Amino acid sequence: MPSSLSASRATPPSASWDEPKGLAARGTLIVLAGRGEHGGVYERFGRRLAFDAYRVRALGDPVADPSVLDEAAKLLADESLPGPKVLVGSDTGALYAARLAAEQTPGIDALILAGLPTAPWASGSWEAEVEARTACPTHQARLTNDPGFRRGALDTAPDLPEPSLDLVRVPVLALHGAEDTVSPLADALSAYEGHPDVRTVTFNGGRHDVLNDALHRTAAATVVLFLERLRLSPRAARDRGGPRMSARVTTTVEELRELLDSGQPPVLLDVRWALGDPHGRDHYEAGHIPGAVYVDLDRELAGPPSPEGGRHPLPDLADLQASARSWGLSEGRPVVVYDDLGNTAAARAWWLLRWAGVPDVTLLDGALGAWRAAGLPLESSPGATKPDTETPGPDAPEPGDVVLRPGGLPVTDADGAAQLAVTGLLLDARAGERYRGEQEPVDPRAGHIPGAVSAPTGENLAADGTFLPPEELRKRFEDRGAGEAAVIGVYCGSGVTAAHQIAALAIAGFDATLFPGSWSAWSADPARPAATGPLPS
């Protein structure tokens with residue numbers, strides 16, 4: 001492909017980020033940079049995806065160096081790189097990524113296009129392109145400080161390919177900033193019309209390059225959700241010969257009874273916990289579903305508390321895996337979780353195991369109350385471990401062999417939550433009086449994250465403790481803005497009941513990101529603002 005740039009210009013460098021040592025990669029992303037850029041500008045995005053165990057290879061600008069396309073093709077064909085393989089294009093790199101996919105380049109499982117440019121060269125006006133880029137805040141500092149970027153981005157009109165999205169036969173995630181001056185939103189969206197498998201996400205406040213500007217956290221969370229749906233779809237699982245993520249969130253009492261009577265019963269976990277009640281084990285020993293293993297939320301489903309991490313930070317992965325094996329979790333064996341509080345505590349185990357890559361985890365709909373209401377028996381015993389020890393008790397299950405891998409569900413931090421409150425939808429799952437700042441029984445300050453919307457998780461349940469029907473849950477969340485939000489985030493007091501909200505959102509058909517530190521971490525930082533009253537801000 002010819003380039004209009006001077007041959008003396010240096011080849012833009014590439015960059016790479018790998019999954020943490022000891023973790024199996026969940027897939028590979030190959031990024032084609034925008035005009036005048038190099039792979040290194042995607043560092044924040046690359047590191048965030050690597051944290052979720054995805055391998056990232058960011059290449060240079062195909063306009064400046066057409067050999068970048070050959071390098072991309074080699075990476076796509078490299079069988080040593082883990083799949084699925086996703087080709088990512090930003091700015092003009094999106095045009096080249098789309099063209100490679102339209103040409104049926106082998107190895108592309110999906111396409112992610114950020115800031116797809118369309119209008120300027122469709123109209124033949126390079127002057128309009130220069131004017132738009134000069135006005136874009138994302139480009140201004142580079143235009144001032146980096147002569148090489150000016151040469152690469154503006155000085156010479158490139159010979160750019162048409163997107164040809166009508167010829168693309170793989171799933172597409174389209175990311176676009178609502179305030180993009182380089183590629184107007186309406187023009188970009190029109191380019192995707194007619195593609196049979198495209199998900200378009202618009203970021204309020206987003207400029208041209210959402211992968212590496214201030215919205216990179218929100219963009220990364222959106223990408224992780226897309227990748228997980230891709231990685232665990234029936235087609236992808238069939239191609240890889242591996243399991244797929246169960247779409248189910250709940251198991252009914254009747255279904256559980258039949259499973260327990262079958263030759264392959266699930267692992268059954270009892271997560272008896274409530275805020276201010278330290279006697280979960282006592283309640284378990286007084287009566288639990290036969291065969292259930294007691295799980296200590298404070299000790300096994302959370303790390304040590306801290307001001308930065310909150311009251312229930314995510315546990316260390318090695319510790320969580322050791323606990324999961326002690327509960328009897330093995331590869332391929334389903335898991336059912338319950339508590340005695342409408343699953344508002346059990347959802348923490350559901351979310352953690354899903355996050356750690358366990359594909360078939362469900363909540364017992366109605367929790368222990370539904371089991372009792374059906375007239376089914378309970379058993380009383382010390383359970384799997386002796387109190388306050390890790391010594392196996394007489395009823396301990398056979399140790400499992402499960403291998404946990406993080407990244408199955410997205411997470412964010414305090415900065416990301418603040419961003420979601422502005423650019424997406426941030427839901428506060430606590431009781432209304434805590435959201436409004438009228439009461440705060442445990443955390444340093446009262447109130448809520450500015451911009452967050454109140455959605456008490458108890459309102460996800462019917463009077464009998466079962467989840468509301470999907471259509472009612474969907475209306476509940478759409479009334480709070482979920483239908484229009486590019487990304488949804490959830491927090492609570494310490495990341496426990498927020499997991500219940502994420503389960504309800506999943507039943508309603510919405511994906512969501514968890515802020516594990518939640519209000520306990522946010523309120524411990526005096527630099528973070530707190531809003532009070534019934535309104536988000």
Side-chain angles (χ1 to χ4, degrees), residues 232 245-260 265-274 280 283-284 288-297 300-302 312 320 323-324 327-329 333-374 376 378 408-409 427 429 455-470 472-474 476-477 490 492 495-512 514:
L232 298 166
M245 176 74 81
S246 170
R248 298 188 60 186
V249 175
T250 61
T251 291
T252 68
V253 165
E254 181 60 26
E255 289 169 338
L256 177 60
R257 187 187 66 77
E258 292 176 359
L259 288 170
L260 293 175
V267 176
L268 187 58
L269 304 180
D270 184 312
V271 189
R272 214 75 66 89
W273 180 91
H283 301 315
Y284 164 84
H288 54 267
I289 297 175
V293 178
Y294 175 68
V295 175
D296 188 319
L297 187 147
E300 297 178 290
L301 301 181
H312 291 106
L320 180 62
S323 295
W327 308 329
L329 266 68
R333 189 177 178 190
V335 183
V336 179
V337 191
Y338 74 92
D339 60 23
D340 200 11
L341 202 62
N343 287 316
T344 52
R348 170 72 173 207
W350 169 84
W351 185 93
L352 268 176
L353 292 174
R354 285 286 186 100
W355 168 80
V358 179
D360 191 354
V361 188
T362 53
L363 295 161
L364 176 60
D365 201 15
L368 187 61
W371 184 269
R372 289 196 193 99
L376 296 169
L378 300 177
L409 294 175
L427 297 177
T457 200
E459 296 177 10
N460 297 323
L461 299 175
D464 62 357
T466 58
F467 280 100
L468 293 172
E472 292 185 32
L473 288 172
R474 188 166 188 86
R476 162 172 154 77
F477 293 122
V490 185
C492 57
V496 175
T497 56
H500 189 271
Q501 188 94 289
I502 290 175
L505 282 158
I507 292 171
F510 297 108
D511 296 315
L514 175 69

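As a basis for the values below, the full set of heavy atoms in this structure was taken, side chains included, without hydrogen atoms, waters or symmetry mates. Predicted model only: the values in this text are computed from it and were never measured. Nothing fancy with the numbering, it's 1 onward along the sequence.
With Thr251 as reference, Thr362 is the one residue of Asp360, Thr362, Asp365 to meet the side-chain hydrogen bond (donor to acceptor under 3.5 Å, both in side chains) rule.
By the 6.0 Å and 45° rule, Arg474 stacks over the aromatic ring of Phe510.
Trp350 has its side chain within reach of Ile502: a pair of non-hydrogen atoms, C-beta onward, lies under 4.5 Å apart. You'll find the side chain of Arg354 stays beyond 4.5 Å of the side chain of Pro359, heavy atoms only.
When atom types are taken as modelled, the side chain of Asn343 and the backbone of Ala347 share no donor-acceptor pair closer than 3.5 angstrom. Without hydrogens or angle criteria, Glu258 side chain to Glu255 main chain gives no donor-acceptor distance under 3.5 Å. Distance alone, capped at 3.5 Å, places no donor-acceptor pair between the Asn460 side chain and the Ala504 backbone. In this structure a side-chain-to-backbone donor-acceptor pair under 3.5 Å is missing from Arg348 to Thr497.
Using modelled atom types, one finds a donor on one side chain and an acceptor on the other under 3.5 Å when comparing Tyr338 with Asp270. His500 and Thr457 share a side-chain donor-acceptor pair at under 3.5 Å.
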Next on the checklist: Would Val335 and Leu268 count as a side-chain contact (heavy atoms from CB on, under 4.5 Å) here? Give the steps.
Outcome noted: CA-CA 6 Å; Val335 183; Leu268 187 58; over 6 Å; no
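In this view, Glu472 satisfies the side chain to side chain donor-acceptor pair (under 3.5 Å) rule with no residue, not counting sequence neighbours. Partners of Glu459 according to the salt bridge (charged side-chain N to carboxylate O under 4.0 Å, His left out) rule, which considers only residues two or more places apart in sequence or in another chain, are Arg476, Arg480.
For His312 and Trp273, the distance between ring centers is under 6.0 angstrom.
Rounded to the nearest 0.5 angstrom, Ile507 CD1 and Leu363 CG are separated by 7.5 Å. The structure places CZ of Arg372 at 9.0 Å from CD1 of Ile289, a figure rounded to the nearest 0.5 Å.
The shortest heavy-atom contact between Ala503 and Phe467 is CB-CZ, 4.2 Å. Residues Asp340 and Gly369 approach most closely at OD1-N, 4.0 Å, considering heavy atoms. When all heavy atoms are compared, the tightest approach of Ala274 to Leu341 is CB-CD2, 4.1 Å.
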